[in-house]
**Student:** 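Before we start, here is the structure in question, set down as C-alpha cells.
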Amino acid sequence: METKTIKDSETSTKVTERISGSEAIVRCLIEEEVKIIYGYPGGAIMPVYDELFKYQDKIHHVLTRHEQGATHSAQGFARISGKVGVAIATSGPGATNLITGIADAQIDSTPMVCITGQVPSHLLGSDAFQETDIVGISTPVTKWNCQVTKAADIPEALAKAFFIAKSGRPGPVLVDITKNAQFEEFDFSYEKCTKVRSYNPVPKTDPSCIEAAAKLINTAKKPFIIWGQGVILSEAEEQLKALVEKAGIPAAWTILGASAIPTSHPLNVGMLGMHGNYAPNVLTNECDVLIAIGMRFDDRVTGKLDEYAKQAKVIHFEIDPAEIDKNVQTEVAILGDAKVNLETILPLINENSHTDWHQKFKELYAIEYEKVIKNDLHPTKEGLTMGEVLKEINSQSQGNAAIVTDVGQHQMIACRYAEFNKTKSNITSGGLGTMGFGLPAAIGAKMAAPEREVVSISGDGGYQMTIQELGTIFQQKAAVKVVVLNNDFLGMVRQWQQLFFDNRYASTEMVNPNFVAIAEGYYIKARKVTKREELAEAVAEMMESKEAYFLEVCVEKEGNVFPMVPSGASVSEIRLE
C-alpha cells in the first residue's frame with residue numbers, strides 16, 4: 001500500500017495512503033469509532049461490502065432481513081447508547097426502504113448516518129437499473145444529505161455527516177456514493193469534522209433569559225415542569241432532578257422523555273398527552289408557570305392548541321430555535337444546551353415545596369386510579385389486560401429493563417405502566433408512530449447494551465410488519481425478550497372506530513398465524529399464555545432465559561386505553577372512560 005507525506009500547511013503535515021473509495025468508507029467508519037453497522041448488500045454497494053469483509057475484526061456488520069429493519073436497529077442502537085447509529089444499503093429499492101426509518105429518526109431527533117450505494121456517475125439521470133434519486137427523496141426527512149461522485153470527496157462528506165448527525169439537535173444524515181467513486185483510488189487521510197460554516201448547532205444562551213426564568217419560577221404558586229427527550233439527549237437527567245427537588249415542582253414527561261427521572265420519584269407525576277395521566281393533563285390548564293425542558297409541544301401533548309395552558313407563563317428550554325413559539329407562545333425562551341442551562345439556573349432557584357399544589361395532583365391521581373389504573377393492573381374480569389402483563393414484567397425486571405415498544409395500544413400501556421429506574425430505558429417511535437419499529441429497534445438496543453435486559457413489546461399488527469427480523473435475532477444470537485400482546489385487532493384503530501365511528505370495525509380485525517410456531521421456526525424458544533394463572537410463571541421463564549425468548553399473551557379483544565384526550569379536544573377534556 002502506497003503512503004505519502006503531504007505538507008498540509010506551513011506548520012503541519014499529513015500522511016496519506018493510496019486506497020479505494022470503498023475502503024475509505026470503511027476506514028472513515030473506523031475513525032469515527034463505529035463498531036456495529038446494520039444493512040443489506042446489493043450491486044451498487046458491493047465494493048463496500050467487500051471491504052467490510054476484510055475489516056470484520058474492526059466493524060461488525062449485522063445483516064438485517066429488510067433495510068427498514070436496518071434503520072430501526074440503528075435507531076435502537078443510538079437511543080440506548082447515545083452514539084450515532086449507522087445503516088447501509090444499496091441503490092434503488094434498498095435506499096428507498098430506508099426512508100421510513102430515516103423519517104422516524106428525523107422527527108424523534110435520533111442521530112443516524114445512512115450510507116447508500118448509487119449507480120455510476122455517468123449513468124445518473126438515465127433511469128439505470130436500480131437508480132433512484134435518493135438525495136431528492138430523502139431531503140425532507142434528513143438533517144443533511146449529499147451525493148458523492150468522486151472518491152476524494154468521501155472522507156470530508158462522512159466526517160461532516162457524523163458531526164451533523166450528533167451535534168446540537170441530533171438527526172439522520174444520508175450520504176449517497178456512486179459506484180465509480182467506490183472503485184476509484186485516491187490519497188486517503190481522515191480528519192474529524194468539528195464545525196461547518198453557517199451551521200450553529202448550539203445557540204448562545206442569553207443570561208438575562210436565565211435570570212427572568214428564575215424569577216418566574218421563584219414567584220410561581222403553581223409551577224409545573226414538563227420534560228422531553230432533550231433532557232436525555234443532553235444528558236441532563238441529574239440537573240433536571242436537582243431542579244425538581246430544590247424547587248419542589250411536580251414534573252411530567254412526554255413518551256420520549258420517559259425514564260430521565262425514575263418513575264418512582266415522588267415528584268414524577270406521570271405521562272403527558274393523549275393517553276397520559278389524568279392529573280398532568282388537567283393541571284396543565286391550571287398551572288401559573290409552565291416550564292418546558294427539551295420538548296417540542298407536539299400535538300399529542302397539547303391537544304387543542306388555542307385552549308392549551310393559556311393561563312400560564314411559559315418558559316421553554318430548547319436547543320432548536322425553530323421550536324420556539326412554533327406551537328406555544330413563550331414568556332421566556334432559553335436557547336442552548338439543556339444540561340448547561342439547567343446547571344446555570346439552579347443556583348438562582350429558591351428551595352420550595354408547593355405542598356397544596358402537589359395535593360391536587362394526588363387527588364386527581366386517586367380518581368384515575370379508581371376509574372382506570374385499578375382495572376388495568378388488578379382486573380376482576382376474565383380476560384387478561386395489557387396492563388397486568390406490564391405489571392408482571394415490572395415485577396420480574398424490578399424496573400431495570402429497557403422497554404422497546406412498537407406503536408399502538410400496547411405502546412401507550414407500556415409507556416403508562418412500565419417502571420424505569422435507569423435513563424434511556426424507554427425506546428419507542430414517538431412523532432412518526434411507526435408500526436414495525438419495536439422488534440428491529442430492540443435488536444439494536446440489545447447489541448448496543450448487551451449487559452441490559454431488553455424487552456420488545458408489540459401488538460399483533462405492528463409485529464407482523466417486521467416479523468422477519470426474528471431471523472436477525474437468531475443469526476446474531478441477540479438475547480432479546482419478545483412479547484406480543486395479541487388481541488386479534490389493530491387495537492388502537494379499533495378503539496377509535498368504537499368511540500368515534502359507531503363500532504364499524506372496518507379492516508381492523510386480524511386473522512393471525514401461529515406466532516409460537518413462527519418463532520420456533522427461527523429456533524427461538526417460544527410460549528403462549530391464554531390464562532391469568534399462567535402469566536407470572538411464563539414471564540419468569542422468559543426473564544430468566546439467557547437467550548432470545550418469544551412470549552405471546554392473548555389479551556382481551558376489545559380493551560380500550562384510557563385516559564384519552566379525543567382528537568381536537570383540550571387536555572382538560574380528557575376522558576376516563
Side-chain angles (χ1 to χ4, degrees), residues 38-40 62-77 79 85 87 89 93-108 110 112 141 386 403-415 427-446 454-475 478 480-496 506-519 521-522 524 526 548 550-553 555:
Y38 302 87
Y40 206 97
V62 178
L63 175 64
T64 57
R65 298 309 187 257
H66 191 283
E67 291 89 353
Q68 181 181 346
T71 53
H72 293 329
S73 291
Q75 287 178 275
F77 179 96
R79 293 274 287 276
T96 58
N97 282 345
L98 298 176
I99 291 297
T100 296
I102 292 172
D104 193 285
Q106 173 79 341
I107 200 165
D108 281 355
T110 302
M112 182 166 68
V141 292
M386 295 185 183
I403 304 295
V404 186
T405 66
D406 217 276
V407 170
Q409 286 182 315
H410 69 278
Q411 176 192 32
M412 295 295 99
I413 290 291
C415 290
I427 299 169
T428 192
S429 172
L432 197 63
T434 304
M435 292 176 70
F437 173 90
L439 186 62
I443 296 169
K446 184 63 179 177
V454 175
V455 181
S456 166
I457 299 176
S458 298
D460 47 308
Y463 176 63
Q464 292 181 81
M465 289 192 170
T466 50
I467 193 172
Q468 69 274 9
E469 299 306 332
L470 290 174
T472 309
I473 290 176
F474 166 61
Q475 184 169 351
V480 177
K481 308 302 166 59
V482 182
V483 179
V484 167
L485 303 180
N486 182 6
N487 58 11
D488 293 316
F489 268 110
L490 298 176
M492 187 61 83
V493 183
R494 185 214 54 77
Q495 177 170 334
W496 279 57
S507 301
T508 47
E509 188 163 10
M510 304 285 287
V511 178
N512 286 317
N514 185 333
F515 288 125
V516 168
I518 292 171
Y522 284 102
I524 296 170
F550 172 82
L551 179 63
E552 176 188 0
V553 183
V555 296

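These figures come from a predicted structure and were not determined experimentally.
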**Student:** Would a distance-only check, ignoring hydrogens and angles, find a side-chain to backbone donor-acceptor pair under 3.5 Å from T96 to P93?
**Tutor:** yes
**Student:** Consider side chain to side chain contact (heavy atoms under 4.5 Å, CB included). Of L432, I99, V141, which one does D104 pass it with?
**Tutor:** L432
**Student:** Donor-acceptor check, side chain of D108 to backbone of G431, threshold 3.5 angstrom: yes or no?
**Tutor:** yes
**Student:** What residue among L98, T100, T110, T434 forms side chain to side chain contact (heavy atoms under 4.5 Å, CB included) with T71?
**Tutor:** L98
**Student:** Kindly say whether G444 contributes a backbone atom to a donor-acceptor pair with the side chain of R79 at under 3.5 angstrom?
**Tutor:** no
**Student:** Heavy-atom distance under 4.5 Å between the side chains of N512 and Q464, does that happen here?
**Tutor:** yes
**Student:** Please name the pair of heavy atoms, one in V482 and one in I473, separated by the smallest distance, quoted to 0.1 Å.
**Tutor:** CG2-CD1, 4.1 Å
**Student:** Identify the two heavy atoms, one from A89 and one from A95, that lie closest to each other, and give their separation to 0.1 Å.
**Tutor:** CB-N, 4.4 Å
**Student:** Is any side-chain heavy atom of T405 less than 4.5 Å from a side-chain heavy atom of I403?
**Tutor:** yes
**Student:** With side chain to side chain contact (heavy atoms under 4.5 Å, CB included) as the criterion, how do R494 and Q409 come out once you've worked through the C-alpha distance, each side chain's angles and the decisive distance to 0.1 Å?
**Tutor:** CA-CA 10 Å; R494 185 214 54 77; Q409 286 182 315; 3.9 Å; yes
**Student:** Any donor-acceptor pair under 3.5 Å linking the side chain of E469 with the backbone of I443?
**Tutor:** no
**Student:** Tell me whether the rings of F515 and Y463 are parallel (<30°), tilted (30 to 60°) or perpendicular (>60°).
**Tutor:** perpendicular
**Student:** Rounded to the nearest 0.5 Å, what separation is found between the OG1 atom of T508 and the CZ atom of F489?
**Tutor:** 5.5 Å
**Student:** Keeping T428 on the side-chain end and G430 on the backbone end, is there a donor-acceptor pair under 3.5 Å?
**Tutor:** no
**Student:** Indicate the atoms forming the closest heavy-atom contact of G85 with F77, along with that distance.
**Tutor:** CA-CD2, 4.2 Å
**Student:** Between the main-chain N or O of V516 and the side-chain N or O of N514, is there a donor-acceptor pair closer than 3.5 Å?
**Tutor:** yes
**Student:** Given L551 and V484, is the side chain to side chain contact (heavy atoms under 4.5 Å, CB included) satisfied, shown in steps?
**Tutor:** CA-CA 6 Å; L551 179 63; V484 167; over 6 Å; no
**Student:** Counting distance only, does the side-chain N/O of H410 pair as donor-acceptor with the main-chain N or O of G459 below 3.5 Å?
**Tutor:** yes
**Student:** Hey, could you give me the NE2/NE2 distance between H72 and H66, rounded to the nearest 0.5 Å?
**Tutor:** 9.5 Å
**Student:** Give, for atom CG of N487 and atom CD of E509, the distance between the pair rounded to the nearest 0.5 Å.
**Tutor:** 10.0 Å
**Student:** Quick one: CD1 on I413 to CE on M386, what's the gap to the nearest 0.5 Å?
**Tutor:** 7.0 Å
**Student:** Does any part of the side chain of Q75, heavy atoms only, come nearer than 4.5 Å to the side chain of F437, both counted from C-beta?
**Tutor:** yes
**Student:** Any side-chain heavy-atom pair from M492 and M412 closer than 4.5 angstrom?
**Tutor:** yes
**Student:** Check the pair F550, I518 against side chain to side chain contact (heavy atoms under 4.5 Å, CB included), reporting the backbone distance first and the verdict last.
**Tutor:** CA-CA 10 Å; F550 172 82; I518 292 171; over 6 Å; no
**Student:** Just wondering, are more than 12 heavy atoms of other shown residues or ligands nearer than 6.0 Å to OH in Y40?
**Tutor:** no
**Student:** Which pair of non-hydrogen atoms, one from G461 and one from M435, has the smallest distance, and what is that distance?
**Tutor:** C-CE, 3.8 Å
**Student:** Within the side chain of D460, is there an N or O that forms a donor-acceptor pair under 3.5 Å with the backbone of N486?
**Tutor:** no
**Student:** V404 versus V455: any side-chain heavy-atom pair under 4.5 Å?
**Tutor:** no
**Student:** For the CD atom of Q468 and the CG atom of L470, what is their distance to the nearest 0.5 Å?
**Tutor:** 8.5 Å
**Student:** I'd like to know if the side chain of S73 and the backbone of P440 have a donor-acceptor N/O pair within less than 3.5 Å.
**Tutor:** yes
**Student:** Might you point out which heavy atoms bring R65 and T472 nearest each other, and give the distance in Å?
**Tutor:** N-OG1, 3.5 Å
**Student:** Do you know which two heavy atoms are closest between A478 and A548, and how far apart they sit?
**Tutor:** O-CB, 3.4 Å
**Student:** Is the backbone of G436 close enough, under 3.5 Å, to the side chain of D406 for a donor and an acceptor to pair up by distance?
**Tutor:** yes
